[in-house]
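Read the numbers this way: they start at 1 and go in the same order the structure lists the ligands and their atoms.
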Amino acid sequence: MEKEKYNLTTDCENTWCPGCGNFGILSAFKMAVTEMIANGFPKEKIVVVGDIGCNSKIADYLNLNSIIGLHGRSIATAEGIKLADRGLKVFVFAGDGASLDEGVSHLVHAAKRNSNIKVILHNNRLFALTTGQFTAVSPQGMKTVSTPFGNIEEPINPLKLMLASRASFIARSYSAKLEHLKNIILEADKHKGFAFIEVLQPCVSFFNTIPYYNEKLYETVSEKLDSELAALELINQWDYVEAEKIPLGVFYKKERPIFEDQAYEILD
Ligand SMILES: Cc1ncc(C[n+]2csc(CCOP(=O)(O)OP(=O)(O)O)c2C)c(N)n1
Ligand code: SF4
């Protein structure tokens, strides 16, 4: 029984491409959940909300309560779950296509209302499952099946979007840095309020960013976590165009009233 408590693996066949960054996210999340369970949190009260796409197969590979939402709508589903039972830990896994294109309004409004859910964004910078169309974070000039002459548009910066949307926890990690990602997931879990974790996740089949990230990424620790200006300085080190270095870490953290708690105050 004690052993079963820690079993997070399912017998579902894994269909990710060998070398995909999603494997690292799955491992880091399992490590984080193992710590949560070891610290006494009941496994059955952890909920995984998947979206649609390669990333969201993670829900099939985790022996946890889970639900797959509609494409771009998983954040709304997660908010409903958290509102129904504030005792649950609710983790959303979604791609950049889902959260920065189709469902961008859900992401913005969940951050704005400070819903106490944790969003883990698998940022591979394209729609991978459907064979690599461009998204809001694809580089300008990138040729994909939907931009055969090169992407005309400039990418948005999701962390700046989150800062402007009043997200109370903003962080970035890398799918190949398991310990770093695990620690950030645990920090997001402890944070009381909405948490956004961007995970840079190479898609080895359609946009292999591994050499680029291995050269540019570095880990940093912010001394002024509650300062929007300090966060912006870190975020601006990489504005999704060429950069000297790309920082990883928690960039912003500041507590403010939680949506669900305020809603229950009205109801009670
Ligand atoms: C509303 C809607 N639009 C489009 C699709 C088709 N579709 C399924 S998966 C997918 C790509 C998913 O890309 P992303 O969210 O970035 O996740 P990834 O596959 O890259 O992990 C698309 C466009 C869909 N299922 N529903
Ligand atoms: S297509 Fe890309 S994101 Fe999808 S499983 Fe393969 S490597 Fe991973």
Side-chain angles (χ1 to χ4, degrees), residues 10 12-30 48-62 66-80 91-111 117-140 142-148 151 153 155-159 161-162 172-178 181 185 196-214 240:
T10 66
C12 208
E13 186 196 350
N14 191 310
T15 56
W16 285 329
C17 310
C20 174
N22 284 323
F23 285 100
I25 301 178
L26 175 63
S27 299
F29 186 68
K30 280 183 174 175
V48 166
V49 183
D51 198 275
I52 296 289
C54 295
N55 63 86
S56 298
K57 294 179 185 177
I58 200 165
D60 291 339
Y61 308 147
L62 284 163
S66 64
I67 179 171
I68 299 276
L70 296 174
H71 197 214
R73 313 293 172 207
S74 51
I75 290 173
T77 307
E79 284 180 81
F91 294 93
V92 186
F93 293 87
D96 47 298
S99 311
L100 300 169
D101 287 272
E102 275 115 314
V104 66
S105 61
H106 294 297
L107 178 65
V108 166
H109 286 271
I117 59 171
K118 318 297 162 187
V119 175
I120 298 174
L121 184 96
H122 299 227
N123 191 358
N124 54 22
R125 306 186 70 190
L126 37 66
F127 287 103
L129 188 75
T130 41
T131 69
Q133 296 79 6
F134 85 111
T135 66
V137 279
S138 299
Q140 193 175 33
M142 184 157 109
K143 287 190 179 171
T144 71
V145 283
S146 61
T147 53
N151 177 19
E153 302 166 28
I156 60 164
N157 184 329
L159 300 189
L161 178 70
M162 285 292 88
R172 177 189 287 137
S173 189
Y174 181 39
S175 55
K177 285 187 177 279
L178 301 195
L181 179 53
I185 293 170
F196 178 79
I197 306 173
E198 175 194 36
V199 188
L200 299 174
Q201 177 251 309
C203 166
V204 290
S205 295
F206 298 109
F207 188 25
N208 187 357
T209 43
I210 294 173
Y212 184 72
Y213 289 150
N214 284 350
Y240 285 75

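Atom CG of Leu200 is separated from atom CG of Leu121 by 9.5 Å, given to the nearest 0.5 angstrom.
The shortest distance between side-chain heavy atoms of Phe196 and Leu107 falls below 4.5 Å. The side-chain heavy atoms of Val199 and Ile120, taken from C-beta on, include a pair separated by under 4.5 Å. You'll find the side chain of Ile210 reaches within 4.5 Å of the side chain of Val204, heavy atoms only. Annotation: side chain of Pro139 is in contact with side chain of Phe207 (closest heavy-atom distance under 4.5 Å).
Protein heavy atom nearest atom 6 (Fe) of ligand 2, with residue, atom name and distance: Cys17 SG, 2.3 Å. Among protein heavy atoms, atom 8 (C) of ligand 1 sits closest to Ile52 CG2, 3.6 Å. The protein heavy-atom contact nearest to atom 7 (S) of ligand 2 is Val204 N, 3.4 Å. Given atom 4 (Fe) of ligand 2, the protein heavy atom at minimum distance is Cys54 SG, 2.4 Å. When only non-hydrogen protein atoms are considered, atom 2 (Fe) of ligand 2 lies nearest to Cys203 SG, 2.3 Å. For atom 14 (P) of ligand 1, the closest heavy atom belonging to the protein is Gly97 N, 3.8 Å.
If you look at Asn124 next to ligand 2, the close heavy atoms, those under 4.0 Å, all belong to the side chain. With a heavy-atom cut-off of 4.0 Å, Leu126 touches ligand 1 through its backbone alone. With a 4.0 Å heavy-atom cut-off, ligand 1 is reached by the backbone of Asn55 and by its side chain too.
The main-chain N or O of Val49 is never found under 3.5 Å from a side-chain atom of Ser66 such that the two would form a donor-acceptor pair. Asn123 places no side-chain N or O within 3.5 Å of a backbone atom of Asp96 that could act as its donor or acceptor partner. With hydrogens and angles ignored, the 3.5 Å screen pairs no side-chain donor or acceptor of Ser175 with any backbone N or O of Gly24. Listed for the Thr147 side chain is no donor-acceptor partner under 3.5 Å among the backbone atoms of Lys143. Looking at Arg125, its side chain does come within 3.5 Å of a backbone N or O of Val137 through a donor-acceptor pair. Asp51 contributes a side-chain N or O that, together with a main-chain N or O of Gly72, makes up a donor-acceptor pair within less than 3.5 Å.
When only interatomic distances are considered, the shortest N/O to N/O separation between His71 and ligand 1 falls below 3.5 Å.
Within the structure, ligand 2 has Gln201 among the residues with a heavy atom less than 4.0 angstrom away. Contact annotation: Glu102 has at least one heavy atom less than 4.0 Å from an atom of ligand 1. For the ligand labelled ligand 1, residue Thr135 lies outside the 4.0 Å heavy-atom shell.
Within ligand 1, counting atoms from 1 as listed, the ones closer than 4.0 Å to a heavy atom of Asn124 are 18 (P), 20 (O), 21 (O). The distance from ligand 2 to the heavy atoms of Phe206 drops below 4.0 Å at these ligand atoms: 1 (S). Close contacts between ligand 1 and Ala98 involve ligand atoms 15 (O) [criterion: under 4.0 Å to a heavy atom]. Against a heavy-atom cut-off of under 4.0 Å, Ala128 is close to the following atoms of ligand 1: 13 (O), 18 (P), 19 (O), 20 (O). Near Cys54, with a cut-off below 4.0 Å to any heavy atom, the atoms of ligand 1 are 18 (P), 19 (O), 21 (O). Every atom of ligand 1 with a heavy atom of Thr130 under 4.0 Å away is listed here by number and element: 7 (N), 8 (C), 10 (C), 11 (C), 22 (C), 23 (C).
Nearest heavy atom pair, residue Ser74 against residue Gly50, reads CB-O, 3.4 Å.
Not one N, O or S atom of Cys20 sits under 2.8 Å from atom 4 (Fe) of ligand 2.
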